[in-house]
Trainee: 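Once you've had a glance at the structure underneath, I'll fire off some questions.
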Amino acid sequence: MKLNWPLMENNITIEDLDKAIEFLKSMPRLTQSSNVQAFEAEWSKWLGVRFSIYVNSGASANLITMALLKHLYGSGEIIVPTLTWVSDIASVIQNGFTPVFVDINPRNLCMDDKQVITKLSKKIKAVFLTHVQGFNGLTEQLLSTLKERNIPLIEDVCESHGATFKGKKLGSFGLISNFSFYFAHHMSTIEGGMVCTNSQDIYEMIRMLRSHGMVREASSEKIKQRYARENPDLTPDFIFAFPAYNVRNTEIGAVIGLNQLKHLDENNAKRIRNLEIFLKNLDPKKYKTDFNLEGSCNYAFNLIIKKPDIKFRDKVERALRQAGVEFRRGSSGGGNQVRQPYLKGIVQDKEWEKYPETEHVHFFGYYIGNYPNLQQQKILSLCNLLNKV
Ligand SMILES: Cc1ncc(COP(=O)(O)O)c(C=O)c1O
């Protein structure tokens, strides 16, 4: 039976495109302008934070967040997960920090909070936590320990828009949080990302880091005047405070984002229901079904084979391929980051053996697309196909 099931479907709708066309017909300015500002304001309102800065990808959000930490703390160590996206580790290394890896909790695929706490030391400058595939990775104990020890939490929420902890949206807990609006995620602006914070100082610095480190990008007149005073030999239009990047996005992305945001909660409710149907109907003897779903909101169905059986795994992959179901092994980031060639020479040989839970997902975990327009019958057919393997 063919299910024809891509990783993502119809994430940008005809309504979004109509809005973009209508906007284009007014012969507007297309580079970052009033629609970017409006999208940032709406996103802040939706998330429950004071400030948001729209950028051209989630990876860019990671990059300038770590660039900011470099500016604040110089060097040191940052705790990161073994199961995450490449840019969460790359941004740490690119900014001169040493990544300290932590294995996952198999019930939510996020860093195990107890292991994070064990690894805290004077050298740790931040905990860079990924809320993996719609799951909440926060616990009371983790938040209170970080607060006590004055270690900042940075949240990567690129895979978890709308997920919550204790009723509050993920991305509103950390000093800074990052989102992605890539096509495969909960909502899309073609490409795009957001950096969010409640700190006015961080907001100003991130605005500059987004645009070449340029001081005139700050929103505060006080900051601009201070730099002008301190640099009388420079024209105020071209004062560069940081060796930074250009990671701005465009008005087109913002127009699409504004429209997408209107439907995000309604779409997320459908995704939550879909995942519940999926997990309820999977055979718990063959697949993991005991995820901690509290507050979760997932654009993916997590399929994790229970026993480390390569022959069974091959059969599952064959069945999915035959049915036209697209999947990604190792979950969204391809599994254990520590195995990737870009970390050769940075981590010890066979370092991956220290992270058995991530190792299991690396070889026996998958994600399959979960989008709002999936029909219950189709989800049941997928479960049936998987249960028959
Ligand atoms: C956890 C996480 N962080 C960052 C990113 C990077 O986002 P983008 O693809 O928008 O660069 C992704 C990507 O999909 C991700 O899953």
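Start at 1 and go down the list; that is how both ligands and their atoms are numbered.
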Trainee: Heavy atom to atom 3 (N) of ligand 1, shortest distance: which of V157, D156, T189 holds it?
Mentor: D156
Trainee: Specify side chain, backbone, both or neither for N178, according to which of its non-hydrogen atoms lie closer than 4.0 Å to ligand 1.
Mentor: neither
Trainee: Do the rings of W43 and F181 sit parallel, tilted or perpendicular, given the 30° and 60° boundaries?
Mentor: perpendicular
Trainee: For F181, is at least one N or O under 3.5 Å away from an N or O on ligand 1?
Mentor: no
Trainee: Using distance alone, determine whether T130 and ligand 1 share an N or O pair under 3.5 Å.
Mentor: no
Trainee: Surrounding CG of N150 (heavy atoms of other residues, nucleotides or ligands, distance under 6.0 Å), is the total greater than 12?
Mentor: no
Trainee: Pick one of side chain, backbone, both or neither for how A59 approaches ligand 1, counting any non-hydrogen atom pair under 4.0 Å.
Mentor: both
Trainee: For F301 and F278, take the angle between the two ring planes, folded into 0 to 90°, and tell me which bin it lands in: parallel under 30, tilted 30 to 60, perpendicular over 60.
Mentor: parallel
Trainee: For T84, is at least one N or O under 3.5 Å away from an N or O on ligand 1?
Mentor: no
Trainee: Just by modelled atom types, is the C158 backbone N or O under 3.5 Å from a matching donor or acceptor in the H185 side chain?
Mentor: yes
Trainee: Of the choices F183, Y182, Y299, which has the non-hydrogen atom that lies closest to atom 9 (O) of ligand 1?
Mentor: Y182
Trainee: Counting heavy atoms only, which part of V132 comes closer than 4.0 Å to ligand 1: side chain, backbone, both or neither?
Mentor: neither
Trainee: Can E191 be said to touch ligand 1, with heavy atoms closer than 4.0 Å?
Mentor: no
Trainee: Answer with yes or no whether S87 contacts ligand 1, where contact means a heavy atom under 4.0 Å from a ligand atom.
Mentor: yes
